[in-house]
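Some notes on the structure that comes next.
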Amino acid sequence: MMRLPAATSAAGLDACFIGIPMDIGASNRSGTRHGPRQIRAESVMLRPYNMATGSAPFEAMQVADIGDVAINTFDLKKSADIITAHYDEVLSHNAIPLTLGGDHTLTWPILRAMAKKHGPVALIHVDAHADINDEMFGEKIAHGTPFRRAFEDGCLQNDKVFQIGLRGTGYSPDDFNWGRKNGWTVIQAEDCWYKSLAPLMAQIRDKIGDTPVYLTYDIDSLDPAFAPGTGTQEIGGLTIWQGLEIIRGCAGLNLIGCDLVEVSPPYDMAGTTALVAANLLYEMLCVLPAAVAHKEQKRASEAPN
């Protein structure tokens, strides 16, 4: 990722990129197992300094790419346990993981590891879909169920869960209202049209405070015009600019981990979706607490007396 050094573990790192090449939890179009590979390929043009925000994350942190989780490509349930164990080990080194997906099933086992270390966490979930199904085709584990499972496992602080960008068709109003009934804040895509999301993020920061928070970003939250390479497209989505506002609006939060999921290269031969994903992952790196603190210190030292 970003031509960074490769490492075999998170030891000695402040943050690390991890791939989970998985699509055995996908329900519609497969291909997300190739997402981490193409995100890495498209990330080579990224440079170390963020011209818009002034963040220089590699001055603030030791960062490396620690490779992919060795999932079991024939068994989704075993893969979930493999992912949790892998992240247990990463978190034992106090490194912050940034995950390249992979279908959205993977967020649930990551949240299990996060909750073991931090207790129930706040969640910012950017997506076209709520992913709160109890079952999919009779199965409890799939890319449409991770946040129902995380809720049941006690991984979340329910008054500090925010779902942004939900839209499209569903089976019943409960597709979106289930979260609301459990104290979650659900912001549908229509409520985001034609406006900046900076004020929304200010409200979210105020509500989350210093609670440990996990950011999960499904690329299908973006309108297909910006990110066609994903398995379950929905029209009327967020813009690139709104996606940037959401991530940059996380600056100042106690971010303990992030992921970018559902990049499916076979559906975007130009590689644009993976390029967008690589940039958004870099933006996530730029808003980690150490990067934000370094930027503020640097600005203070350069300010005229």
Listed pairs under 3.5 Å, donor-acceptor, residues 199-213 side chains, sequence neighbours left out:
residue, atom, partner, partner atom, Å
Arg205, NH1, Gly249, O, 2.8
Thr211, OG1, Lys160, NZ, 2.8
Thr211, OG1, Ile208, O, 3.1

[Y] versus [X], side-chain donor and acceptor atoms under 3.5 Å:
{"X": "Asp127", "Y": "Tyr217", "answer": "no"}
{"X": "Asn50", "Y": "Glu283", "answer": "yes"}
{"X": "Trp184", "Y": "Asp159", "answer": "no"}

- request: Could you tell me whether Lys78 atom NZ has more than 12 heavy atoms of other residues or ligands within 6.0 Å of it?
  value: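 Not more than 12 within 6.0 Å, no.
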query: Quick check: are there more than 12 heavy atoms from other residues, nucleotides or ligands sitting under 6.0 Å from CD of Gln157?
result: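 Atom CD in Gln157 is crowded, with more than 12 foreign heavy atoms closer than 6.0 Å.
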- request: With His129 as reference, evaluate Asp220, Asp218, Asp175 under the side chain to side chain donor-acceptor pair (under 3.5 Å) test and give the passing residue.
  value: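 Result: among Asp220, Asp218, Asp175, Asp220 is the only option passing the side chain to side chain donor-acceptor pair (under 3.5 Å) with His129.
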Nearest atoms (heavy-atom pairs only) where Ala291 meets Ala60: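 The pair with the smallest heavy-atom distance is CA-CB, 3.9 Å.
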field: Ring centres under 6.0 angstrom apart (Phe151, Trp108)
entry: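 Between Trp108 and Phe151, which both carry aromatic rings, the centre distance is not below 6.0 Å.
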task: Could you tell me whether His125 and Phe162 have their ring centroids closer than 6.0 angstrom?
output: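 No: the rings miss the under 6.0 Å criterion.
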For a quick test of your reading: what N or O donor-acceptor pairs under 3.5 Å do the side chains of residues 110-117 make, sequence neighbours left out?
residue, atom, partner, partner atom, Å
Arg112, NE, Thr84, OG1, 3.0
Arg112, NH2, Ala80, O, 3.1
Arg112, NH2, Asp81, OD1, 3.1
Arg112, NH2, Thr84, OG1, 2.9
Lys116, NZ, Asp88, OD1, 3.3
Lys116, NZ, Asp88, OD2, 2.6
Lys117, NZ, Leu91, O, 3.3
Lys117, NZ, Asn94, OD1, 2.8

- prompt: Looking at Lys181 and Asp174, does any basic side-chain N land under 4.0 Å from a carboxylate oxygen?
  reply: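 Yes.
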message: Testing Thr73, Ile83, Val261, Thr32 one by one against Met22 for a side-chain contact (heavy atoms from CB on, under 4.5 Å), which residue passes?
response: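 That would be Ile83.
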